[in-house]
Amino acid sequence: MQIAESKKDPNGLKPRGGYTLVYITVTQSPRFYQLSLDDLIDGILKEVVFDDFGTSNTRTYIADNVSERRLEKIDVESMITYLRAFNIQFKSLFEADRRSLYEHFKIPKSSGGLRPIDAPLPDLKEALYQLKFILENRLHAKYHTSAFAYVRQRSTIDAIKKHQQNESKWFSKLDFSNFFGSTTLEFVMSQLSIIFPFNEIIKDEDGKKQLTQAMSLCFLNGGLPQGTPISPMLTNLLMIPLDHKLANTLRKFNNNKYVYTRYADDILISSKFNFKHQDIFNYVISVINEFNAPYKLNPDKSRYGSSAGSNWNLGVMLNKDNQITIGHRKKKQFKAMVNNFARNHVENIAWNLSDVQELNGLISYYKMVEKDNINYILNEYSKKYRIDIRAVIKSKLKTLTSVVQI
């Protein structure tokens, strides 16, 4: 059976009938997907590249319309009912001064300066957690397979592994300016109107009203605040069309094959071969404009280089040998930290809870990058001081946590 040729205009979002295309995203477990009858009826226009990272992959495709079979699997009225109940339950929050529902403070950036954080107070935080649950579990909100931030079973390491798998040698790193703060309610609703099943909710007059009201609770001063439980999930959801367009087009662009990943506001595009960074930069801008997205790329944080240099991305290095490492400097600092911990334990010099937690966190993260090397370091210092460092850390965490709770 052959799939009918798409009527999509390659330069826009609408096919030659004037109606808007729909982005359908489903959970994807196998590496290679067997087309189902539903898929053939929906009319698949573009496929994504699948990768092999556990069970957290998704598959996104574009359809001229949603088949009756797929529509029968959702209950739009129930979805609207959940939204309506949410809006009624938290009516007082909608009526309150929005800024009064947040705690405002700043935290240091790793690159220097301060990052403003707007943390919701308990009542609003509870409401946003509840809305997040509704969107993910009742309205089936998902993310594109190229998105790696804020996704269970995914990390920065998984994002870099996609480029490693391609044996990429040249990298273009792009960065959105004020990603969360630039996201507007208008843009979110515009994107949801082309993302299934939210598009079906929006077709209903009351559904659109209830969804718009619920979404409005997520915003502060016209943008998505950093520090809420729902902002990250919302950005992954609304970016599905952009991620899909970029990932698919870049698979074969300007006679070259590229790998595209996005980790929140960090975009990484790579290839085995040298390419023109400015062409990639300009193309990403064209896709942003195509979707009327309120985003801008930060030219000061955009860079291009090869794995032969200092190829740091998302806190790790993919080196010239196609190995993901934490780098010589971080490894040296880690060795010193492990040595100090072990020596202090033998000398009965206490560490506070936050320091032990920091060391434990570094061990967990670094083992994701260089498991054998980190285990070797831990074993060597365990032998040197005749202790089991892992067991000591576990014991101290248990003891110190109990003291704090008391």
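Between Trp170 and Tyr304, the gap from one ring centroid to the other is short of 6.0 Å. Outside the 6.0 Å centre-distance limit, the rings of Phe253 and Phe275 are not counted as a close aromatic pair.
At distances below 3.5 Å, at least one donor-acceptor pair connects side-chain atoms of Thr235 with backbone N or O atoms of Pro232. Under a 3.5 Å cut-off, the side chain of Ser382 and the backbone N or O of Ile389 do form a donor-acceptor pair. In terms of modelled atom types and a separation under 3.5 Å, the side chain of Ser286 and the main chain of Tyr283 share a donor-acceptor contact. In terms of modelled atom types and a separation under 3.5 Å, the side chain of Asn236 and the main chain of Ala149 share a donor-acceptor contact. When atom types are taken as modelled, the side chain of Asn311 and the backbone of Leu318 share a donor-acceptor pair closer than 3.5 angstrom. Under the 3.5 Å distance criterion, the side-chain polar atoms of Ser231 are left unmatched by any main-chain donor or acceptor of Thr228. Without hydrogens or angle criteria, Asn360 side chain to Val356 main chain gives no donor-acceptor distance under 3.5 Å. Distance alone, capped at 3.5 Å, is enough to place a donor-acceptor pair between the Gln164 side chain and the Asn322 backbone.
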Show me, pair by pair, the donor-acceptor contacts under 3.5 angstrom made by side chains of residues 342-350, not counting sequence neighbours?
unit_1, atom_1, unit_2, atom_2, d
Arg343, NH1, Asn340, OD1, 3.3
Arg343, NH2, Asn340, OD1, 3.1
Asn344, OD1, Trp351, NE1, 2.9

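With respect to Glu72 and Arg69, no salt bridge is recorded, no charged nitrogen being found less than 4.0 Å from a carboxylate O. Here Glu136 pairs with Lys132 in a salt bridge; the nearest charged N to carboxylate O distance falls below 4.0 Å. The residues Lys173 and Asp175 are annotated as salt-bridged, a charged nitrogen and a carboxylate oxygen being separated by less than 4.0 angstrom. Using a 4.0 Å cut-off between charged nitrogen and carboxylate oxygen, Lys331 and Glu370 count as a salt-bridge pair. Taking a cutoff of 4.0 Å between a charged side-chain nitrogen and a carboxylate oxygen, Arg84 and Asp206 qualify as a salt bridge.
The aromatic rings of His144 and His244 stand perpendicular to each other, their planes meeting at an angle above 60°, with 30° marking the opposite boundary. By the 30° and 60° cut-offs, the orientation of the rings of Phe86 relative to Phe90 is tilted. The aromatic rings of Phe176 and Phe179 lie parallel to each other, their planes meeting at an angle below 30°, with 60° marking the opposite boundary.
Remark: Lys394 pairs with no residue by the salt bridge (Lys or Arg N to Asp or Glu O under 4.0 Å) rule, at least two apart or across chains. Partners of Asp265 under the salt bridge (Lys or Arg N to Asp or Glu O under 4.0 Å) rule, at least two apart in sequence or in another chain, do not exist in this structure.
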Worksheet item: Can you check ring pair (Phe, Tyr, Trp, His ring centres under 6.0 Å) on Phe334 and Tyr366, steps first, answer last?
Response: CA-CA 9 Å; Phe334 176 72; Tyr366 287 169; 5.4 Å; yes
Fill in: Audit row: Ser168, Tyr258, side-chain hydrogen bond (donor to acceptor under 3.5 Å, both in side chains) steps and yes/no
CA-CA 9 Å; Ser168 294; Tyr258 298 89; over 6 Å; no
